[in-house]
Amino acid sequence: MFAAGVAAPTAFAAPAATAPALTPLRLDGPTGPERVGAVQLHLVDPARKDPWTDSGKPRELMATLHYPAHGTHGHAMLPWLSEGAAGALKSQYPGKLDGHAMPMTHSADTAPAARHGRRRPVLLYSPGFGSDRSFNTLVVEDLVSWGYIVVTVDHPHDSGEVEFPDGHVQTRTVFGANREEVTKAVGVRADDLRFVLDCLAVLDRGGNPDAERRRLPHGLRGTLDLGRVGAFGHSLGGASSAALMHQDRRVRAGIDLDGTLYGPVVTGGLDRPFLLMDTAEHDGLKKDPAWTEFWKHLGGWHRCLRLADAQHLSFTDIVALAPQMKGGFPQVGTIPAARAVAAVRAAVRAFFELHLRGRADAGHLLEGASRRYPEVGFIA
């Protein structure tokens, strides 16, 4: 019985609609002893107009600086992609990411930097064409956990989804219809990376290069060793790392993960250490004319390694996320995800340990002679 004046609920009332729970995608944490902090930077270059628009506005970039952290308690972990960028990515791949939440990283937002009385080698990372700066988080965080500072950079208009602090998301407008356009993109990226290096010098002196002057993590000043700088990237990002080295002698060593090369560096070569790493499908030194020409002009330490049973995206986080997605994802090969991640992490770290830290014992893997990582093969 219900009291007078109170309506009894109808037996046919529909239950409140509940959004289906999203299944989170996951990324494994880093393997080293250091905890990871990160800060996002909005960088504006007043000396350059954006070459991809007619607006006359200065070139703007988004970057994330990852560093060894003193502690992470009380600091949220950064998402793999910001909300706006994640939405834009999902719209690019309808069905693939439906029902999934983007992964979280293991990088604590603006956590205080670890201070051990020494400066850290600095690495720049550039993503593939149409990809985002977060797409190699597994390798980036692992390097940081072993004591590196790594700055990942988005290149608006040829990166995939770039969200700025005002919420605006810039998606890709450059589609690489011809070699000239891609060559231009590599040159723009190299200029972007040179500007980022200038900003890092400001940051290391205690300045704040962020366009909005947002708060920086405590303790970063004086921790960046800009005398030990390396660059690496996947696909077009690898080509951009080579182009950067050709232009800027501040960069002492570089890696191209399965990227065709473009621009003057192909015939100009390099006199500093450089690592090429490919797949059997690419077979760069036999099938890619840019690689074979570049190889002839390398005067410093150089090697070509191969990731077995891999395809183009096996060098990125996609190899680990694909098995968690509906129907998987193309270009990840048949190599087990855990083995791909471990092998790429090990090869990249070994190279920079040898050439930025002078650890001769790290070079064993770079000769393709590691029983622990048989997936890494020595080509030349």
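Bear in mind the structure is a predicted one, so any value in this text is a computation, not a measurement.
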> How many angstroms lie between CG in Leu261 and OG1 in Thr292, if you round to the nearest 0.5 Å?
Replying inline: 10.0 Å
> CG of Asp50 to CZ of Arg59: how many Å apart, nearest 0.5 Å?
Replying inline: 4.5 Å
>> Tell me which one of Met77, His66, His75 satisfies side chain to side chain contact (heavy atoms under 4.5 Å, CB included) with Ser107.
In response: His66
> If you link I, L, V, M, F, W and Y whenever their side-chain heavy atoms are under 4.5 Å apart, who else ends up in the same group as Phe164?
Replying inline: Met62, Val162
> Hey, what else clusters with Trp146 if you join Ile, Leu, Val, Met, Phe, Trp, Tyr whenever side-chain heavy atoms sit under 4.5 Å?
Replying inline: none
Return the minimal non-hydrogen interatomic distance between [X] and [Y], and the atom names on each side.
X: Phe378; Y: Glu367; result: CB-O, 3.3 Å
X: Leu321; Y: Pro103; result: CD2-CG, 4.2 Å
X: Leu236; Y: Ala185; result: CD2-CB, 4.3 Å

> Side chains of Thr267 and Glu293: do they bring a donor and an acceptor to under 3.5 Å?
Replying inline: no
> Under 3.5 Å, side chain of Asp271 to main-chain N/O of Gly300, donor-acceptor pair present?
Replying inline: no
> Short question: side chain of Asp204, backbone of Leu224 - any donor-acceptor pair under 3.5 Å?
Replying inline: yes
>> For residues 219-231, which residue pairs pass the side-chain hydrogen bond (donor to acceptor under 3.5 Å, both in side chains) check, not counting sequence neighbours?
In response: Asp225-Arg228
> With Tyr125, which residues qualify under ring pair (Phe, Tyr, Trp, His ring centres under 6.0 Å), at least two apart?
Replying inline: Phe232
>> By the salt bridge (charged side-chain N to carboxylate O under 4.0 Å, His left out) test, which pairs, at least two apart or in different chains, include something from residues 167-184?
In response: none
Sequence neighbours excluded and cut-off under 3.5 Å, please list the side-chain donor-acceptor pairs for residues 341-355, or say none.
residue : atom : partner : partner atom : Å
Arg345  : NE   : Leu138  : O            : 2.8
Arg345  : NH2  : Gly29   : O            : 3.3
Arg345  : NH2  : Leu138  : O            : 3.1
Glu353  : OE1  : Arg359  : NH1          : 2.7
Glu353  : OE2  : Tyr148  : OH           : 2.5
Glu353  : OE2  : Arg357  : NH1          : 2.7

> Parallel, tilted or perpendicular for His234 and Phe315, by the 30°/60° rule?
Replying inline: tilted
